Amino acid sequence: MSQPTPALYERIYLVVRQIPAGEVSSYGDVASIVGGGCDARSVGYALGELGPHAAEVPWQRVVSRDGTISTRGLLQGQLLVAEGVAFDEQGRVRMARHRWRGPDPAWCAEQRCTPLPPRDDLEQLGLF
DNA sequence: CAGATGACTCCCA
DNA sequence: CTGGGAGCCATCT
């Protein structure tokens with residue numbers, strides 16, 4: 001089954017677009033969902049290539065695995081706060097509370113992507 | 001094909 | 001917390 005792979009980046013944007021407001025995901029998680037040899041770095045690069053498409057893709061909901069924001073402009077944090085995302089004293093997103101669990105299973109089957117790899121360690125952390 | 005670049009992640013000191 | 005290094009991948013010259 002060879003898929004045309006729409007530049008792959010398009011696929012990344014598609015997944016990011018599924019992240020609901022008030023929740024966040026990490027580059028690695030998005031990469032795993034997209035699959036097809038996608039990597040956490042690729043996701044970051046793809047988002048960097050957004051440019052004019054930034055208005056259609058909630059790129060601000062994608063942060064590093066620790067909940068830290070890599071972008072220089074703190075606009076990302078502002079947008080997340082406006083969506084109701086909570087930050088801790090260190091300016092990191094509370095992943096244990098806002099981490100996106102992945103897209104809908106039906107949507108996933110349609111896009112031929114991975115539901116989401118096993119990663120409950122963050123959920124078990126007593127960050128509450 | 002090789003080299004350079006880039007919003008990542010993990011490991012060690 | 002800070003610093004450095006390695007591994008991974010897509011895209012452009």
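In this text the structure is predicted, and so the values were computed from the model without any measurement. Lettering follows sequence order; numbering is per chain, from 1.
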Check your understanding: Thinking salt bridges, do A:E23 and A:R101 make one under a 4.0 Å N-O criterion?
Key -> no
Should A:R41 be listed as having a side-chain N or O under 4.0 Å from OP1 or OP2 of B:dT9? no
Side-chain atoms of A:W59 come closest, of B:dA7, B:dT9, C:dC8, to B:dA7
The reported gap from SG in A:C38 to CG in A:L8 (rounded to nearest 0.5 angstrom) is 5.0 Å
Separation of B:dA7 atom P from A:Y13 atom OH, nearest Å, is 13 Å
Taken in chain and number order and not counting sequence neighbours, the residues that satisfy salt bridge (charged side-chain N to carboxylate O under 4.0 Å, His left out) with A:D66 are none
Checklist entry - Quick check: does any side chain N or O of A:Q76 sit under 3.5 Å from a backbone N or O of A:Q60, one acting as donor and the other as acceptor? => result yes
Rounded to whole Å, CG of A:L47 lies from C1' of C:dC9 at a distance of 14 Å
When rounded to whole Å, the CD1 to C1' distance for the pair A:I12 and B:dC8 reads 12 Å
Could you pull out the protein-nucleic contacts involving nucleotides 10-13 of chain C (nitrogen or oxygen on both sides, under 3.5 Å)?
from	atom 1	to	atom 2	distance (Å)
C:dT11	OP1	A:A7	O	2.5

Taken to the nearest whole Å, OH/A:Y27 to C1'/C:dC8 is 16 Å
Item checked: A:Q90 side-chain N/O to C:dC1 phosphate OP1/OP2 under 4.0 Å -> yes
Taken to the nearest whole Å, CD/A:Q76 to P/B:dA7 is 13 Å
Of the listed B:dA7, C:dC8, B:dT9, the closest approach to the A:L50 side chain comes from B:dA7
One should read off an interatomic distance between A:I69 CD1 and A:F87 CZ, to the nearest 0.5 angstrom, of 4.5 Å
A:M95 CE to B:dT9 P, in whole Å, measures 9 Å
A:D39 atom CG is separated from B:dT9 atom P, nearest whole Å, by 9 Å
From CZ of A:R92 across to P of B:dT9 the rounded distance in Å is 13 Å
### Task
Assess whether side-chain hydrogen bond (donor to acceptor under 3.5 Å, both in side chains) is satisfied between A:D29 and A:S26, documenting all intermediate values.
CA-CA 5 Å; A:D29 283 355; A:S26 65; 3.3 Å; yes
Sequence neighbours excluded, the answer for salt bridge (charged side-chain N to carboxylate O under 4.0 Å, His left out) partners of A:E49 is none
